[in-house]
Amino acid sequence: KMHLRDYVRDDDMDASISMMLESFITAQKFSVRRSLRRSFAKYMSSGEDRVHLLLHILQDMMRNEAMYQTVKRQQQGRNADDL
């Protein structure tokens with residue numbers, strides 16, 4: 001998707017580079033396309049890869065926080081029983 005903004009974000013630049021490379025590669029002869037795709041593959045990755053990675057990191061952080069809160073409540077319960 002393209003968006004009209006007053007500023008440029010990283011994902012806008014990534015989408016532009018990817019679109020430009022895809023257009024250039026498809027304009028080449030079939031015999032050259034495969035090698036060009038391999039050469040420029042790292043520049044043509046979609047932003048979805050990053051979204052999935054960020055989602056995984058966020059889920060991991062939430063699990064760690066939930067575990068921390070559980071342990072904290074258990075310790076507070078033990079300390080109350082000791083009094």
Side-chain angles (χ1 to χ4, degrees):
K1 289 182 178 179
M2 299 295 271
H3 301 278
L4 182 59
R5 296 185 189 92
D6 292 333
Y7 54 92
V8 177
R9 296 185 339 192
D10 286 341
D11 58 336
D12 294 332
M13 290 300 295
D14 292 343
S16 298
I17 291 169
S18 180
M19 185 185 311
M20 188 264 320
L21 283 173
E22 185 64 34
S23 177
F24 173 74
I25 290 171
T26 55
Q28 303 307 308
K29 291 182 181 179
F30 184 76
S31 59
V32 179
R33 284 184 200 166
R34 184 180 298 155
S35 64
L36 285 174
R37 281 193 198 280
R38 269 190 252 126
S39 299
F40 292 112
K42 66 181 177 180
Y43 302 109
M44 295 177 63
S45 66
S46 66
E48 292 177 20
D49 297 338
R50 284 190 225 139
V51 170
H52 284 66
L53 179 60
L54 290 173
L55 177 62
H56 174 71
I57 291 169
L58 181 60
Q59 288 173 336
D60 192 39
M61 290 172 64
M62 292 301 292
R63 270 192 301 274
N64 289 340
E65 180 64 23
M67 202 177 333
Y68 171 75
Q69 293 297 330
T70 302
V71 169
K72 185 177 170 184
R73 272 183 260 140
Q74 289 174 350
Q75 287 179 346
Q76 287 174 346
R78 286 186 203 145
N79 289 342
D81 291 341
D82 291 342
L83 295 175

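One-based numbering along the sequence shown.
The hydrophobic cluster containing Met13, built from Ile/Leu/Val/Met/Phe/Trp/Tyr side-chain heavy atoms closer than 4.5 Å, also comprises Val8.
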With a cut-off of 3.5 Å and sequence neighbours excluded, list every side-chain donor-acceptor pair involving residues 22-34.
unit_1	atom_1	unit_2	atom_2	d
Glu22	OE1	Arg37	NH1	3.0
Glu22	OE2	Arg37	NH1	3.2
Glu22	OE2	Arg37	NH2	3.2
Thr26	OG1	Glu22	O	3.0
Thr26	OG1	Ser23	O	3.0
Gln28	NE2	Phe24	O	3.2
Arg33	NE	Gln28	O	3.1
Arg33	NH2	Thr26	O	3.2
Arg33	NH2	Gln28	O	3.4

Considering only distance and modelled atom types, tabulate donor-acceptor pairs under 3.5 Å from the side chains of residues 64-72, sequence neighbours left out.
unit_1	atom_1	unit_2	atom_2	d
Asn64	ND2	Asp60	O	3.4
Glu65	OE2	Gln69	NE2	2.7
Thr70	OG1	Ala66	O	2.9

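For Arg63, there are no side-chain hydrogen bond (donor to acceptor under 3.5 Å, both in side chains) partners at least two apart in sequence or on another chain. Applying the salt bridge (charged side-chain N to carboxylate O under 4.0 Å, His left out) criterion to Arg38, with sequence neighbours excluded, gives no partner residue.
Considering CE of Met62 and CG of Leu58, their distance stands at 6.5 Å, rounded to 0.5 Å. Remark: Arg73 CZ to Gln76 CD distance equals 8.5 Å, nearest 0.5 Å.
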